[in-house]
Amino acid sequence: METSRTYGIEIECLSTLSHQALAALITEAGVPCQQQGYNHNTTTCWKIVNDGSVMGSGYSTEVVSPVLSGEEGLRQIEIVCRVLGEAGCTINRSCGLHVHHDARDFKFGNWKRLVKAYAKFEDVLDSFMPESRRKNNNTYCRSAVIGTLGGLCEKVNQQTNYVGIKSMIGTRYVKLNVESFLRHGTVEFRHHSGTMDFDKIANWIKVTQAMVEMSHNPHKDYGYGSSVRNTKAGTFGEFFKALNLSDEIKGYYKNRVQEVRRVA
């Protein structure tokens with residue numbers, strides 16, 4: 001991982017095993033995990049809860065991590081993904097992957113820059129996802145763009161504090177959820193489709209964490225004022241240049257875009 005910023009994930013899936021049995025398998029694999037009733041509590045171990053938004057045959061399941069950091073966090077995720085796959089868990093269109101990043105160091109400028117950057121590059125981020133997670137195609141991860149990109153940037157610039165940003169967006173069911181800051185001190189990325197693929201999860205954590213870090217750079221204030229240049233949708237190349245990510249991650253997402261196109 002490029003930074004020491006902590007993170008956490010939520011994997012939505014369907015299980016043929018009871019939550020208690022699935023938690024026991026994850027624990028046996030070396031990652032402590034408990035079955036719990038539905039809650040939003042941050043715990044010191046992994047937990048499995050019911051998720052009413054997951055529809056299909058089997059137990060509606062959400063596998064939630066504790067606060068994770070660095071490579072050790074990725075190691076735990078890799079183990080959990082392996083156990084879920086071996087246990088026969090499945091993913092369908094009702095499932096999502098949610099990633100949280102610590103935002104307790106955020107000031108108002110961070111929120112403004114992050115919301116505008118996400119809106120500017122939403123089309124690029126959509127290109128990594130199946131059709132069900134693009135634009136406004138999913139009730140649980142609506143578009144970050146309200147109206148036009150230029151209009152959104154202007155509206156963001158009119159706000160004077162975090163509460164104004166939160167009220168402007170108006171719901172937690174968006175690709176970039178700022179409301180999670182009130183409950184967890186995090187910013188939540190809800191954009192990604194459901195997956196138990198470790199490579200997909202690890203790369204998405206790195207991309208979203210890079211966006212969080214980018215929000216600390218005042219020179220990356222996309223969509224400032226009414227500049228037509230800054231309020232155009234960003235390109236794939238601009239996105240990876242802005243995030244300063246490795247060629248390996250860039251190559252991964254180039255391949256991912258082609259993979260999504262073939263499936264479509």
Report task. Mind telling me whether F106 and H216 have parallel, tilted or perpendicular rings, with 30° and 60° as the class edges? Result -> perpendicular
Report summary line: When every non-hydrogen atom of S53 is compared with those of E12, the smallest separation belongs to OG-OE2, 4.0 Å
Query raised in the report: Crowded around E248 CD? As in, over 12 foreign heavy atoms under 6.0 Å?
Result: no
Requested in this report: Answer yes if the side chains of E10 and H98 hold a donor-acceptor pair under 3.5 Å, and no otherwise.
Outcome: yes
Query raised in the report: Checking N137 side chain against E131 main chain: does a donor-acceptor pair fall under 3.5 Å?
Result: yes
Query raised in the report: Should R82 and E86 count as an ion pair when the cut-off is N to O under 4.0 Å?
Result: yes
Query raised in the report: Does K116 pair with D221 as a salt bridge, N-O distance under 4.0 Å?
Result: yes
Query raised in the report: Does a donor on one side chain sit under 3.5 Å from an acceptor on the other, for N92 and S94?
Result: yes
Requested in this report: Identify the two heavy atoms, one from E188 and one from S180, that lie closest to each other, and give their separation to 0.1 Å.
Outcome: N-OG, 3.3 Å
Report task. Could you point out which residue of V54, D51, I11 forms a side-chain contact (heavy atoms from CB on, under 4.5 Å) with E62? Result -> D51
**Report entry** SG-CG distance between C81 and L74, expressed to the nearest 0.5 angstrom
**Finding:** 10.0 Å
Requested in this report: For N39 and K47, test the side chains for any donor-to-acceptor distance below 3.5 angstrom and give the result as yes or no.
Outcome: yes
Query raised in the report: Under a 4.5 Å cut-off applied to non-hydrogen side-chain atoms, are F108 and K112 in contact?
Result: yes
Query raised in the report: Can you list the steps and then say if K166 with W111 is a side chain to side chain contact (heavy atoms under 4.5 Å, CB included)?
Result: CA-CA 9 Å; K166 182 181 76 68; W111 293 112; over 6 Å; no
Report task. Considering non-hydrogen atoms only, spot the tightest contact between G170 and E179 and give its length. Result -> C-OE2, 4.0 Å
Query - Heavy-atom side-chain proximity of V212 to R5 below 4.5 angstrom - result: yes
Query raised in the report: Going hydrophobic residue to hydrophobic residue with side-chain gaps under 4.5 angstrom, can you get from V67 over to I205?
Result: no
Query raised in the report: Are any side-chain N or O atoms of S167 and backbone N or O atoms of G164, one a donor and one an acceptor, separated by less than 3.5 Å?
Result: no
Query - Pairwise distance CD1(I91) to CG(L14) - rounded to 0.5 angstrom - result: 7.5 Å
Query raised in the report: According to a 4.5 Å side-chain heavy-atom criterion applied to Ile, Leu, Val, Met, Phe, Trp and Tyr, with indirect links allowed, do I201 and V64 form part of one hydrophobic cluster?
Result: no
Query raised in the report: Hey, does the side chain of T61 reach the backbone of Y59 with a donor-acceptor pair shorter than 3.5 angstrom?
Result: yes
Query raised in the report: Taking the six-membered ring for Trp, are the ring centroids of Y118 and F189 within less than 6.0 Å of each other?
Result: yes
Report task. Count the heavy atoms of every other residue, nucleotide or ligand shown that sit under 6.0 Å from CD of Q20, and state whether that count exceeds 12. Result -> no
Query raised in the report: Which is it for R190 and N138 under the side chain to side chain contact (heavy atoms under 4.5 Å, CB included) test, yes or no, and what are the steps along the way?
Result: CA-CA 11 Å; R190 300 175 60 89; N138 193 294; over 6 Å; no
Report summary line: Value for NZ (K155) from CD1 (I146), rounded to nearest 0.5 Å, stands at 5.5 Å
Query raised in the report: Passes salt bridge (charged side-chain N to carboxylate O under 4.0 Å, His left out), R262 versus E259? Steps please.
Result: CA-CA 5 Å; R262 286 195 298 270; E259 178 186 343; 5.4 Å; no
Query raised in the report: Can you say whether the rings of H40 and Y38 are parallel (under 30°), tilted (30 to 60°) or perpendicular (over 60°)?
Result: perpendicular
**Report entry** Rounded distance (nearest 0.5 Å) linking atom CG of L84 with atom CG of L22
**Finding:** 5.5 Å
Requested in this report: With rounding to the nearest 0.5 Å, note down the distance linking CG in L245 to NZ in K250.
Outcome: 10.5 Å
Query raised in the report: Same hydrophobic cluster for M55 and V63, using side-chain heavy-atom links shorter than 4.5 Å among ILVMFWY?
Result: no
Query raised in the report: Is the backbone of V178 close enough, under 3.5 Å, to the side chain of Y162 for a donor and an acceptor to pair up by distance?
Result: yes
Query raised in the report: Hey, any chance L176 and L243 share a hydrophobic cluster, counting ILVMFWY side chains that come within less than 4.5 Å of each other, even indirectly?
Result: yes
Report task. Could you check if a side-chain atom of M211 sits within less than 4.5 angstrom of a side-chain atom of L125, using non-hydrogen atoms only? Result -> yes
Report summary line: Closest non-hydrogen contact found for T42 with H184 is OG1-ND1, 3.5 Å
Requested in this report: Taking N110 for its side chain and K107 for its backbone only, find out whether a donor-acceptor pair lies under 3.5 Å.
Outcome: yes
Query raised in the report: Any donor and acceptor pair, going by atom type alone, linking the side chain of S193 with main-chain N or O of M129 inside 3.5 Å?
Result: no
Report task. Scan side-chain atoms only and decide if E213 and Q209 contain a donor-acceptor pair under the 3.5 Å cut-off. Result -> no
Query raised in the report: Stepwise, does the side chain to side chain contact (heavy atoms under 4.5 Å, CB included) test hold for R134 with V260?
Result: CA-CA 12 Å; R134 297 181 183 181; V260 170; 3.0 Å; yes
Query - Check: Y253 and V124 side chains under 4.5 Å, non-hydrogen atoms - result: no
**Report entry** Atom of A87, atom of L17 and distance for their closest heavy-atom approach
**Finding:** CB-CD1, 3.9 Å
Query raised in the report: For D247, does the CG atom sit with more than 12 other heavy atoms under 6.0 Å from it, leaving out its own atoms?
Result: no
Query raised in the report: Checking T171 side chain against Y173 main chain: does a donor-acceptor pair fall under 3.5 Å?
Result: yes
Query raised in the report: Does F128 offer a backbone N or O that forms a donor-acceptor pair with the side chain of R256 under 3.5 Å?
Result: yes
Query - W46 and Q76: side chain donor to acceptor below 3.5 Å - result: yes
Query raised in the report: Got a donor-acceptor contact below 3.5 angstrom from the N136 side chain to the S143 backbone?
Result: yes
Report task. Could you pull out the closest heavy-atom pair between Y7 and G70, with the gap in Å? Result -> OH-O, 2.7 Å
Query raised in the report: Are I9 and Y252 connected in a single hydrophobic cluster, I mean Ile/Leu/Val/Met/Phe/Trp/Tyr linked by side-chain heavy atoms less than 4.5 Å apart?
Result: yes
Query raised in the report: If only atom types and distance count, is the side chain of R113 paired as donor or acceptor with the main-chain N or O of K220 below 3.5 Å?
Result: no
Query raised in the report: Do the non-hydrogen side-chain atoms of S15 and C89 ever get within less than 4.5 Å of each other?
Result: yes
Requested in this report: Step by step, work out the side chain to side chain contact (heavy atoms under 4.5 Å, CB included) result for I48 and I26.
Outcome: CA-CA 10 Å; I48 299 179; I26 293 172; 4.1 Å; yes
Query raised in the report: Just by distance, with hydrogens left out, do N177 and H100 show a side-chain donor and acceptor under 3.5 Å apart?
Result: no
Query raised in the report: From C33 SG over to I79 CD1, what is the distance, rounded to the nearest 0.5 angstrom?
Result: 12.0 Å
